[in-house]
Amino acid sequence: MKTLRFILVVCFSLFSALIQAQTLRTEVFDLLNLDYPGLEKVKDACGRQQWKEAAELLLDYYRNRSGIVYPDLDLEHIKASKRDWQWADDALEHTFFVHEGYQPSFNYGKDIDWQYWPVKDNELRWQLHRHKWFTPMGKVYRVSGDEKYAREWVFQYMDWIKKNPLIEINDDDFQQVIEGNLKGDKENMRYAWRPLEVSHRIQDQIPQFLIFNSSKFFTPEFLTEFLVNYHRHAAHILKHYTKQGNHLLFEAQRMVYAGTFFPELKDAEKWRKSGIEVLNREIKKQVYADGGQFELDPHYHLAAINIFCKALRMADVNGFRQEFPEEYAQTIKNMIEFYSNICFPDYTNPCFSDAKLGERSGEIRNYKEWLQLFPDCEWIRFYATEGREGTPLPYLSHAAKESGFFTFRTGWKQDATVMVVKAGPKGEWHCQPDNGTFELWVNGRNLFPDSGSYIYAGHGEVMKLRNWFRRTASHNTLTLDGKNLETTQSVTKLWKPEGDVQILVTENPSYADLKHRRTVFFVDQKFFVIVDEAVGTATGTVNLNYHLAEGEVSIDKADFAITTSYEGDSNVKLQCFPEQKAVMNEVEGWRSTAYRKRVPRKAVALDVEKKGKDTVRYISVIYPVKNADNAPKIYASFSNKHFQEDGVEVTVMIDGKKFNLAANLQK
């Protein structure tokens, strides 16, 4: 007991010493516009060089300030979840929640080691510097009133400043995926001060400021430390914006936040206008006319929507929405429509590229927030209320031709059939070489989910894992010798979204001397026929790859048939009819359900040896059934005996019923 009491006394003394060691940063008053309304007393104290008094008055001003609205936090109704409590209590012991994919969380030592890197995954080190546990500490502090959380937050905040100095490095060094030649503080810089991480802190330190500034540990001295550090953050981003992509959007949106929430700082207007200028420019550059974001990744498309919305909402509640033109809001609406079209009835999105599965509750919450910006939009209302109010989009099948996302759809309820095909232009970093791939939802189940991404970037084994999930052969599309596509620039040759037979024809210049044409027929809103044609003089093994959902799957290699026996009323029979001699091989199959989480599944490659200029052709019939015992007998063949540039004709027999299918490209 005496030992424990001694340890507690020592720890408290260390905390007290640290707090006492805080410096009153008088330079903060040079950063402030002392003529800002409400700072008259602060200005007077500064004029008398009474810096302690000025800092006390400034803290009193912020504790009682009104007129600036932060829409992401309701101070009067703060709640702390079970998870918030765990993160906050763990953080007291310096066990920090850094990443969902690395649980249980790592401990960073009594003397916090901000450069500790237990697994060489860059995300683990980058996200440490986002301080995700700080706001939960604040919520628990506010709910419990226990000052130990505020005291520890102040300690960790100051410790981070002390151990992560801001020094100059080249912009390109921030964007390295694999560790370069930087050492010491410079090597640490590319993690601690990468602009994206800086922007996370800029945004999250606003609610932390609001929650903690009533604490006795939030002293006038600490206020000056906080404001100087916050200003350093915003000035750093202004100088080091990422060149393009979602990182740039995040940084710009958060500069809007910084410039809006701290208008007392001289540079605030410059920050706010800079962020708005970037967003107004990038929403035109990064978003296609069909509403798709140029990374061609559903997860980052959603992130971009919410970035644009956050900035607009901040402008709304603080009186400067006019700084965003009307077409800005219309583009956001187009992006939401795009997203609604590619999602399944349970609100999940296809996991193409680096996308993650959304959670139903979170997705519905998105629609509710979007409805606040577009209260007159009945189709947003429909999805926000789970169909209880409003009306759905006035069509079913849909094409976003510029982005290359195509949806065959029978309805919006759980029993619908929905196929989403990805075949578009070259995407940005998060886009994978997967043109031609698809996901298929039938009667409550995703039968052909994408492999996902599993992990992002790092060293050695981390990159091997990422590359396996990213590779073309891990998708439902065609490859040559199992290699990644050399070119992803699909062209839409035909889109016919109406009638008893809906048709999509896309063509991708996949490899040198080999293009891939994929024709999809959706017949009677019941089954799909996919025709794949590998055209060109290239030689090698052409692979037609299929990856099914996890569960019981039977593979008949002799008949090139796959039949599922999942629980419930959603199953499928897939049967392939290659024109040339082929071999069906079972291959490694995985699906990533979240970061660093994966499940095994059945996957096959239908291989044909291509020895000359002759086109390799396959017909695949995908027939959904409720029960595997009810799977039909299927037969299919080509009606046109050779590849034709102007289209394709096939004959399909389903339990003896004949279907003549043709895609005519002459128009």
Side-chain angles (χ1 to χ4, degrees), residues 70-72 122-123 125-132 134-135 164 166-177 189-209 229-262 265 267-287 293-295 297 299-315 318 320 323-324 328 331-332 335 354 428-430 456-457:
Y70 180 67
D72 300 343
N122 289 356
E123 287 296 316
R125 192 161 175 193
W126 275 321
Q127 294 198 29
L128 169 68
H129 297 287
R130 297 180 186 181
H131 304 154
K132 293 179 183 178
F134 275 6
T135 300
N164 294 277
L166 174 61
I167 58 179
E168 283 299 318
I169 65 172
N170 297 325
D171 283 354
D172 289 343
D173 291 327
F174 287 119
Q175 306 310 320
Q176 288 183 32
V177 174
M189 266 286 295
R190 74 186 189 92
Y191 296 102
W193 287 94
R194 187 174 69 150
L196 180 63
E197 275 57 60
V198 176
S199 77
H200 272 277
R201 298 195 294 269
I202 277 182
Q203 176 173 271
D204 292 349
Q205 285 180 19
I206 292 175
Q208 292 155 23
F209 179 88
N229 183 54
Y230 196 89
H231 187 282
R232 184 187 299 124
H233 275 55
H236 179 67
I237 289 183
L238 197 64
K239 190 176 179 181
H240 296 285
Y241 272 123
T242 302
K243 293 177 182 177
Q244 63 177 357
N246 68 81
H247 287 206
L248 176 58
L249 300 184
F250 277 118
E251 293 154 16
Q253 172 251 308
R254 291 156 180 174
M255 288 293 275
V256 174
Y257 270 41
T260 303
F261 188 78
F262 287 109
L265 293 167
D267 290 335
E269 185 176 6
K270 180 167 62 176
W271 300 339
R272 179 171 61 82
K273 288 187 174 181
S274 169
I276 292 172
E277 179 185 353
V278 170
L279 292 173
N280 281 333
R281 181 190 74 223
E282 292 299 313
I283 200 169
K284 297 174 184 176
K285 182 185 296 185
Q286 294 196 27
V287 183
Q293 197 259 354
F294 73 171
E295 291 188 76
D297 177 313
H299 176 80
Y300 285 94
H301 178 95
L302 175 61
I305 292 174
N306 287 334
I307 288 167
F308 293 132
C309 284
K310 275 177 172 285
L312 194 60
R313 187 162 54 247
M314 193 68 156
N318 286 287
F320 58 92
E323 295 186 28
F324 291 95
Y328 179 94
T331 299
I332 295 175
M335 294 180 74
D354 284 346
E428 297 303 320
W429 194 82
H430 285 287
Y456 274 6

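Predicted model only: the values in this text are computed from it and were never measured.
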Inset, instruction - State whether the side chain of Glu251 and the backbone N or O of Thr242 hold a donor-acceptor pair below 3.5 Å, judged by distance alone. - result: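 Here the side-chain-to-backbone pair exists.
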Is any side-chain heavy atom of [X] closer than 4.5 Å to a side-chain heavy atom of [Y]?
X: Met189; Y: Ile167; value: yes
X: His240; Y: Arg194; value: no
X: Ile307; Y: Leu279; value: yes
X: Val256; Y: Trp271; value: no
X: Pro195; Y: His247; value: no
X: His301; Y: Glu295; value: no
X: Glu197; Y: Arg201; value: yes

Enter the distance from [X]:[atom1] to [Y]:[atom2] here, rounded to the nearest 0.5 Å.
X: Glu277; Y: Met255; atom1: CD; atom2: CE; value: 11.5 Å
X: Arg281; Y: Ile276; atom1: CZ; atom2: CD1; value: 13.5 Å
X: Ile202; Y: Gln253; atom1: CD1; atom2: CD; value: 10.5 Å
X: Asn246; Y: Leu196; atom1: CG; atom2: CG; value: 7.5 Å
X: Gln205; Y: Asn229; atom1: CD; atom2: CG; value: 6.0 Å
X: Phe261; Y: Tyr230; atom1: CZ; atom2: OH; value: 8.0 Å

Inset, instruction - Mind checking ring pair (Phe, Tyr, Trp, His ring centres under 6.0 Å) for Phe308 and listing every partner two or more places apart, or none if nothing turns up? - result: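 Expected list: Tyr328.
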Can you see which heavy atom on [X] is nearest to which on [Y], and at what distance?
X: Leu166; Y: Arg232; result: CD2-CG, 3.3 Å
X: Ala192; Y: Val198; result: O-CG2, 4.4 Å
X: Tyr241; Y: Gly275; result: OH-N, 3.8 Å
X: Met335; Y: Ala304; result: CE-CB, 3.8 Å
X: Arg254; Y: Ser199; result: NH1-OG, 2.9 Å

Legend entry - Criterion side-chain hydrogen bond (donor to acceptor under 3.5 Å, both in side chains) on His231 and Asp267, from CA distance to verdict: CA-CA 8 Å; His231 187 282; Asp267 290 335; 3.0 Å; yes
Mind checking whether [X] and [Y] have ring centres under 6.0 Å apart?
X: Phe262; Y: Phe209; answer: yes
X: Trp193; Y: His233; answer: yes
X: Trp126; Y: His200; answer: no

Legend entry - Verdict with supporting geometry, His430 and Asp297, side-chain hydrogen bond (donor to acceptor under 3.5 Å, both in side chains): CA-CA 7 Å; His430 285 287; Asp297 177 313; 4.7 Å; no
Please determine, by modelled atom types, if [X] and [Y] share a side-chain donor-acceptor pair under 3.5 angstrom.
X: Asp72; Y: Tyr257; answer: yes
X: Arg125; Y: Asn122; answer: no
X: Gln286; Y: Gln244; answer: no
X: His131; Y: Asp204; answer: no

Legend entry - Check against side-chain contact (heavy atoms from CB on, under 4.5 Å), Tyr191 and Leu128: CA-CA 9 Å; Tyr191 296 102; Leu128 169 68; over 6 Å; no
Inset, instruction - Would you check, one step at a time, whether the test side-chain contact (heavy atoms from CB on, under 4.5 Å) holds for Met314 with Lys310? - result: CA-CA 6 Å; Met314 193 68 156; Lys310 275 177 172 285; over 6 Å; no
Inset, instruction - For the pair Arg272 and Phe320, evaluate side-chain contact (heavy atoms from CB on, under 4.5 Å) and give the outcome as yes or no after the intermediate values. - result: CA-CA 10 Å; Arg272 179 171 61 82; Phe320 58 92; 3.7 Å; yes
Inset, instruction - Just do the side-chain hydrogen bond (donor to acceptor under 3.5 Å, both in side chains) check on Tyr70 and Thr260 with the steps written out, would you? - result: CA-CA 9 Å; Tyr70 180 67; Thr260 303; over 6 Å; no
Inset, instruction - Step through the shown structure and confirm whether more than 12 heavy atoms of other residues, nucleotides or ligands are within 6.0 Å of NZ on Lys132. - result: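 Yes, enclosed.
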